[in-house]
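A short write-up of the structure that comes next.
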Amino acid sequence: MKYKPQSFEAGWQERWEADGAFRCRDEIESPKYYCLEMFPYPSGRIHMGHVRVYTIGDLIARFKRMRGFQVLHPIGWDAFGLPAENAAHRHGTHPARWTYENIDFMRHQLKELGISYDWEREFATCSPEYYRWEQLFFLWMIRDGLAYRKRALLNWCDECQTVLANEQVNRDGTCFIHDQARVTQRELDQWFLGITKYADELLSGHEELRGGWPENILEMQRNWIGRSEGAEIDFPLAGGEGKITVFTTRPDTIYGATFMSMAPEHPLVMEFARKAGREAEVRSFVDRVAGQDRIVRSSDELEKEGIFTGGYCVNPVTGKNVPIFAANFVLYEYGTGAVMAVPAHDQRDFEFAKKYGLPVVVVVRPEGEELRAETMGAAYEGPGLMVDSGPFTGRGNEEGKREVTLHFEERGIGRGKVQYRLRDWGVSRQRYWGCPIPVIHCGKCGIVPVPENELPVVLPENIAYTREKGNPLAALEEWIRVSCPSCKGPARRETDTFDTFFESSWYFLRYIDPKNDREPLDPGKMKAWMPVDQYVGGVEHACMHLIYARFFHKYLRDRGLAPGNEPFKRLLSQGMVCMATLECPKHGWRYPEEVEAGGNCRQCGEKVEVGRSMKMSKSKRNVVEPSALIGKYGADTARLFSLFAAPPEKDLDWSEQGVEGGFRFLGRVYRLVAQRENSIRAAGAFRGDHGEGSRRIRQVTHRTLKKVTGDVEERYHFNTAISAIMEMVNFLYLVEDPAWDSPETAPALREAVEILLLMLSPFAPHISEELWEKIGNAGLACRQSWPQADSEAARVEEILVVVQINGKLRARITADPEADEEEIRAKVLADPRVREHIDGKKMKKLVYVPKKLVNIVVG
RNA sequence: GCGAGAGUGGCGGAAUGGCAGACGCGCCGGACUUAGGAUCCGGUGGGCAACCGUGAGGGUUCAACUCCCUCCUCUCGCACCA
């Protein structure tokens, strides 16, 4: 009679597989439902974050299946990426082998959790059968002018002889492997995708997503795309040819532009310095700033710094010469990399001007107030009237923005411009373990796309990991040397590979048609199955992945492959899994198993300090191994606790004791049913009430069913759904023994248990199957229809009305559910506790909230 | 600095503007038992009480955890967005 999940969970997993319970046919036979969780990077083993996201997705998938939908619930592997190469360097394992071994292990772990995937659709993005198609997409993008080449600055480590990701650069600007090596900026030709062409649509698409996506994610994307309206203005160079174009959102302040700031990386900076003989000092400033970590450079703490380049340009409206500075806060990647500085009306410029003694000229003043440059303690960034602005003086500054821009357009020295913060997507990576970029470099013809019929360009896997430095592909001469598809002369393959976000930008489409070897995607199937009805994943992908995937989908839509404008109808972004940290004064972070029950370090016996709950991470050792957890409590407990401990979008605090509670609850369910097994089997189907006991049981059953259905379907409040099920179980435990065998109540109890097991099935599927079978049912529980709540049975015979006097709770009365206001009012006023509070006082008001509350205001 | 969130018992958390603390953990008590760290049953915000209690202070309302304003603290994201 003991609940031993280890004795039956694996058996049910085999049964599901054998029955093809989660296989999804291509042909749609009932309303489709596409439930997708963000696919994992095969890092080695799954962690609690995975358990959480896949459990949430599985709950939804299983629920929708029982609701009669044809559910597509696939899984695969985001299998290209840096860690595989790092592992190769560290342990000498080939990235391919490392990756496929990890996949095998993690697949096993996911199966152990009992997630209801259609495994027939599984793929790894590192297989040529997958990536060949994105090579094709890329060729289309080149043809459509969406993919183009541009020089871009990258982190370069001389020791590694390769480009580093931002995360591989230490804070102090050194390499993560060679902490003596200074990371420098190097300009390389890179492939870019013109995502900014879709910037406006990515923004306006939010209208379609509103309601289905969390508002905070949309907000984050909005800020990421960062549309701003302003103007480009040309500043001629003083005493020479050429001009510098700036972007500004404040063309109305042009008369106050007293200097110009440029990004230190801007090529013109050194040019000015050379001409002015200031090369040495400017070079040292530029090197220092460029070497700074990006985070450091963008930090608020960073003091605004700059250096005079030696160059001047001319303010086009005042005609005055303005000095050009290189400044650490100007970003090369945004706008034109140069900013007109208006110290009176921009705080950064103000601080900069004060520091370097540059003139401050007021050109906008708040209405009805004076503003004097000499007495200003900070920039005035608010609205007002334009002053000292030539013909625009006296104009409101909002109006001025438009008129100044118009004026420039007429003179041909400026133009209105919408600028995005979003930048085009650089997809080139100088790495081995990625999808080869299918182009060939020919000395004569330049860049030549690999002909479509020669795809895929297969990533050669027969490489030895002896080479320590650089991209191993670059050393594979036999692979690199090809003849030019165009002139047949000698040429060389591109050795860069794609950013791995490329793979994750369309995998959700490929799941619909994973085996197609004639074309990337069958448009008919796409039309039938897209969009993804529910996408589940972490908030860390709010901007990059989710914007790239939306962009890709829009591009494929334009190519006629993907239907609709948006790929993900609903998004659930789940919170992090956190756990308290344990810190030994001698040994630092401790794993839970490194600490004795009494709270002392196993190694030294010192008292271990229990720290606040933080995101689970190996480095802090505050982790729980899913497999260990499943081994001890079973998959159902792991799942149940993940869903019960917090609502999905909030962070979840892991607690071993909480897990125990979940296990105990499932044990209670198990014993409740297993102990009554024979009685339940013997009971007939429910055919109508037989008295008060039966009615009461059915009332609880159907009220619970109603609540659980609503919580899962409408509110996505899985934790409260579970607590409702717990209440129902508590109730069933209080049912007296004879009732289980009495013909009056047994059928209602049988119905209660069946509904209980079906409700539990998406949360804790294994125990539900086990008990479902135990009470004599043949088919799989997960294939049953979600039960229908009988609202007649759920009806209560009495309602509780709360009585407040002056807003304070003073009494409770019960009434007939059909009672009208008159009856309830009379009943309330007759209540002795109410009389006590109102007698002798003047009744000013009586508020009646139907069937719920009466509030009497007395004076 | 900007942006997004969150502050409710000892803990995780409940509560369409309508009984604050459902459910679970922990703790306390009881039953069963040779035994209990199993199981079952019950109790459990503070205060002797009137009452007081949802980060602090204001406001709106018959009624505020919930709406509005000011502030504090914490978490997350960020590319100083000109």
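Naming convention: chains lettered A, B, ... in sequence-line order (proteins, then strands); numbering from 1 in each chain.
For Asn216(A), taking side-chain heavy atoms from C-beta onward, the closest of the listed nucleotides A4(B), C40(B), A63(B) is A4(B). You'll find that the side chain of His717(A) is closest to A15(B), out of A15(B), C51(B), C76(B). Comparing C62(B), G3(B), A4(B) by their closest approach to the side chain of Val857(A) singles out C62(B). Comparing atom distances between the Trp224(A) side chain and each of A15(B), C78(B), G18(B) picks out C78(B) as nearest. Counting only heavy atoms from C-beta on, Thr248(A) has its side chain closest to A82(B) among A4(B), A82(B), C76(B). If you check C76(B), C25(B), A14(B) against the side chain of Thr720(A), the one that comes closest is A14(B).
As rounded to the nearest Å, C51(B) and U61(B) have C1' atoms that lie 23 Å from one another.
When the C1' atom of G24(B) is taken as reference, atom CZ of Phe763(A) falls 15 Å away, rounded to whole Å. Rounded to an integer number of Å, the gap from CG of Leu800(A) to C1' of A15(B) is 16 Å. Straight-line distance from the CG atom of Leu643(A) to the P atom of A14(B): 13 Å, rounded to whole Å. The distance between atom CE of Met262(A) and atom C1' of C80(B), rounded to the nearest whole Å, is 18 Å. Nucleotide A4(B) holds its P atom 17 Å from the CH2 atom of Trp213(A), rounded to whole Å. Rounded to an integer number of Å, the gap from Phe641(A) CZ to G12(B) P is 11 Å. Note: CE (Met576(A)) to C1' (A4(B)) measures 13 Å, nearest angstrom. Counting to the nearest Å, the P atom of C62(B) and the NZ atom of Lys844(A) are 11 Å from each other.
If Met340(A) and Asn855(A) are placed on RNA chain B by their nearest nucleotide, the residue sitting closer to the 5' end is Asn855(A).
Under the 30°/60° scheme for interplanar angles, the aromatic rings of Phe325(A) and Tyr356(A) are found to be tilted.
On a pure distance criterion of 3.5 Å, a polar donor-acceptor pair joins the side chain of Lys852(A) and the base of U16(B).
In this structure, CD1 in Ile324(A) is found 9.5 Å from NE2 in His266(A), a value given to the nearest 0.5 Å.
A centroid separation of 6.0 Å or more is found between the aromatic rings of Phe644(A) and Phe763(A). Centroid-to-centroid, the aromatic rings of Phe718(A) and Tyr716(A) come within less than 6.0 Å.
G9(B) has its base syn relative to the sugar, with a glycosidic angle deviating from 0 by at most 90°.
Heavy atoms of Arg812(A) sit under 4.0 angstrom from at least one base atom.
Nucleotide A50(B): unpaired (no Watson-Crick or G-U wobble partner with both distances less than 3.5 Å).
Contact of the Val659(A) side chain with the Lys632(A) side chain is not registered, since no non-hydrogen atoms from C-beta on lie closer than 4.5 Å.
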